[in-house]
There are 2 protein chains.
Amino acid sequence: MGFRERRQREFLDRERVFLEAARELIRDEGLLGFQMARLAESCEYSVGTLYQHFGSKEDLLVALTTATATEHVRLFARVGNWQAPSRERLFAIAVADSIFVQRNPEYFRIAQYTLCEVVWRAASPDRRSEFMAETAEPIRTIVNGIIADAVASGDLSLGVLTQDSVAAGFWALTCGVHDLVHAEGVCDAYQTEDPYRLLCRHTNLMLNGFDWKPLIDPHDEAALDALIHRIQNEVFHDLCDHT
Amino acid sequence: MGFRERRQREFLDRERVFLEAARELIRDEGLLGFQMARLAESCEYSVGTLYQHFGSKEDLLVALTTATATEHVRLFARVGNWQAPSRERLFAIAVADSIFVQRNPEYFRIAQYTLCEVVWRAASPDRRSEFMAETAEPIRTIVNGIIADAVASGDLSLGVLTQDSVAAGFWALTCGVHDLVHAEGVCDAYQTEDPYRLLCRHTNLMLNGFDWKPLIDPHDEAALDALIHRIQNEVFHDLCDHT
DNA sequence: TCTTTTTTTGAATGATGTTCAAGATGGCGC
DNA sequence: GCGCCATCTTGAACATCATTCAAAAAAAGA
């Protein structure tokens with residue numbers, strides 16, 4: 001008799017309900033005013049039930065970050081499966097990132113907070129491992145795969161670098177751009193152009209820096225646009241406006 | 001009679017005492033357990049007096065971040081005044097960053113938290129403006145100055161880019177590396193080598209990507225070491241071990 | 001239908017950030 | 001010196017939430 005399994009399923013469903021409601025509450029009222037009691041009330045459950053799922057508020061935030069990041073990973077996975085020259089595929093990672101951010105404008109705000117020592121340390125080890133297993137590891141696998149292909153096909157020569165350190169460079173650039181976007185007021189001066197176009201542009205420049213073939217002309221805006229559009233059409237067809 | 005000024009001076013002194021004590025408390029017991037009452041007690045003042053200086057805990061954290069960042073800016077200012085080819089000077093910014101981090105290992109942990117929406121928004125507008133005026137603006141001025149020199153001397157051609165967008169690229173890379181370092185556990189895989197060496201290496205690669213003359217061979221480790229050492233000796237002589 | 005187990009509940013608890021009325025201090029005129 | 005006034009300091013009281021847990025409700029099993 002599967003009543004135990006049904007229970008389990010219902011429990012997981014309710015967890016998803018809580019997370020979805022949390023996302024909405026945070027979107028509408030900000031992370032600053034987010035309260036556990038309010039979340040429980042909005043779902044018509046008691047706080048006790050909420051705490052059945054999440055050991056603490058920090059735990060919930062890590063879980064929410066993980067859940068959202070899953071979509072992020074799915075976009076990256078498309079790029080991982082895309083048949084194209086290695087350089088275009090790594091570039092497509094930056095495009096995937098831009099698309100993800102446009103669809104989840106709140107994500108990095110929450111993630112930035114969640115990944116701070118203060119919150120991260122206060123979450124349970126289980127939630128933290130879950131985050132790493134479902135997010136950091138898959139992304140690393142995908143990106144390293146592209147780098148490995150590039151090396152195998154002769155597009156890239158690692159020299160003294162490792163796959164991970166090349167990946168870390170692109171990862172850092174991407175994170176930094178997200179910081180830039182969300183460091184509200186701190187860096188308005190840098191926000192003269194669309195920051196995610198800046199990410200694409202700089203990813204391309206960095207690819208040139210790695211001498212990743214085929215090299216491109218960094219000043220050719222039309223080519224950059226064309227490449228971005230092509231990737232949007234070929235890989236993220238269903239997620240982008242048909243412009 | 002300057003008794004009013006003396007008061008003012010004493011008030012500012014006490015503020016510095018609070019900030020220094022806060023830094024120590026956070027270093028010793030972590031940001032997680034940092035409490036206003038404890039800070040007041042450790043300075044032998046009442047909480048009320050502490051609140052005379054800082055409107056809220058968040059306010060204090062922003063002030064602490066600003067105070068520490070001042071040293072950061074001073075290191076950058078040395079680079080700004082250093083007489084050297086433009087490319088070496090921009091590279092030296094990355095070196096300055098590494099040195100700063102080694103001397104202030106806690107800084108980015110605190111800054112990452114402080115610059116999150118949740119904390120940043122809760123701080124007073126005055127403290128926020130102070131941060132920008134004493135940190136973001138000076139850094140921007142220094143870096144843009146180097147970029148302007150590079151353009152003037154023909155080492156760099158901006159093309160479609162602006163000074164700010166070039167600066168943003170290096171800024172993002174740097175921030176991203178700090179994230180990488182502090183995303184404890186999240187990205188252990190990337191931490192196979194000293195992350196600040198990685199920052200230097202990738203800054204160099206990005207300089208190549210910008211076609212910033214003179215180009216260097218990215219695989220020449222000895223040259224990279226030599227350059228880092230030279231900058232340490234010429235610019236940060238007093239802050240580095242004489243190795 | 002009754003008993004046992006599991007789940008849910010929400011008032012009570014506890015930890016902290018913040019306030020503010022009362023008290024202490026110190027300059028200043030006499 | 002002395003008392004008056006403005007200013008500063010104090011810390012107990014307050015407010016806000018996160019979290020707990022004993023009791024109630026619901027569900028499963030006999």
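Convention: sequence-line order gives letters A, B, ...; per-chain numbering from 1.
Classification of A:E10 and A:R14 as a salt-bridged pair fails, no side-chain N sitting under 4.0 Å from a carboxylate O. A salt bridge does not link A:R16 to A:E20: none of the charged side-chain nitrogens sits closer than 4.0 Å to a carboxylate oxygen. At a threshold of 4.0 Å, the pair B:E71-B:R74 does not count as salt-bridged, since none of the basic side-chain nitrogens sits closer than that to a carboxylate oxygen. Between A:R38 and A:E41 there is no salt bridge, since no side-chain N of the basic residue sits under 4.0 Å from a carboxylate O of the acidic one.
Residue A:S46 places none of its side-chain N or O atoms closer than 4.0 Å to OP1 or OP2 of C:dG10.
One atom, CD of B:E41, and another, C1' of D:dA12, lie 15 Å apart when rounded to the nearest Å. Counting to the nearest Å, the C1' atom of D:dT10 and the CZ atom of B:R14 are 12 Å from each other. Atoms CD (A:Q52) and P (D:dA18) sit 18 Å apart, rounded to a whole Å. Taking atom CG of A:L39 as the reference point, atom C1' of D:dC17 lies 14 Å away to the nearest angstrom. Counting to the nearest Å, the C1' atom of D:dT20 and the NE2 atom of A:H53 are 17 Å from each other. The separation between A:L61 atom CG and D:dC17 atom P is 15 Å, rounded to whole Å. Separating the CD atom of B:E44 from the P atom of D:dT9 is a distance of 15 Å, rounded to the nearest angstrom. The separation between A:Q8 atom CD and C:dT7 atom P is 10 Å, rounded to whole Å.
Counted by atom type alone, A:N104 and A:H72 present zero donor-acceptor pairs between their side chains at under 3.5 Å.
The ring of B:F170 has its center no closer than 6.0 angstrom to the ring center of B:H202.
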Could you go over nucleotides 23-27 of chain D and give all protein N or O partners under 3.5 Å, atom names and distances?
from	atom 1	to	atom 2	distance (Å)
D:dA27	O3'	A:R7	NH2	3.2

Please determine whether side-chain contact (heavy atoms from CB on, under 4.5 Å) holds for the pair A:C200 and A:N204, giving the CA-CA distance in whole Å, both sets of side-chain angles, and the decisive distance to 0.1 Å.
CA-CA 6 Å; A:C200 289; A:N204 234 340; over 6 Å; no
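The nearest heavy atom of DNA chain D to A:L32 and to B:Y45 marks one nucleotide each, and the one closer to the 5' end goes with B:Y45.
Atom-to-atom distance recorded for A:E137:CD and A:I142:CD1 is 11.0 Å, nearest 0.5 angstrom.
By the side chain to side chain contact (heavy atoms under 4.5 Å, CB included) test, A:A92 is found to be paired with A:V79, A:W82, A:I231, residues two or more places apart in sequence or in another chain being considered.
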Where along nucleotides 13-25 of chain C does protein come under 4.0 Å, by heavy atom, of base (B) or sugar-phosphate alone (S), with - for untouched nucleotides?
---SSBB------
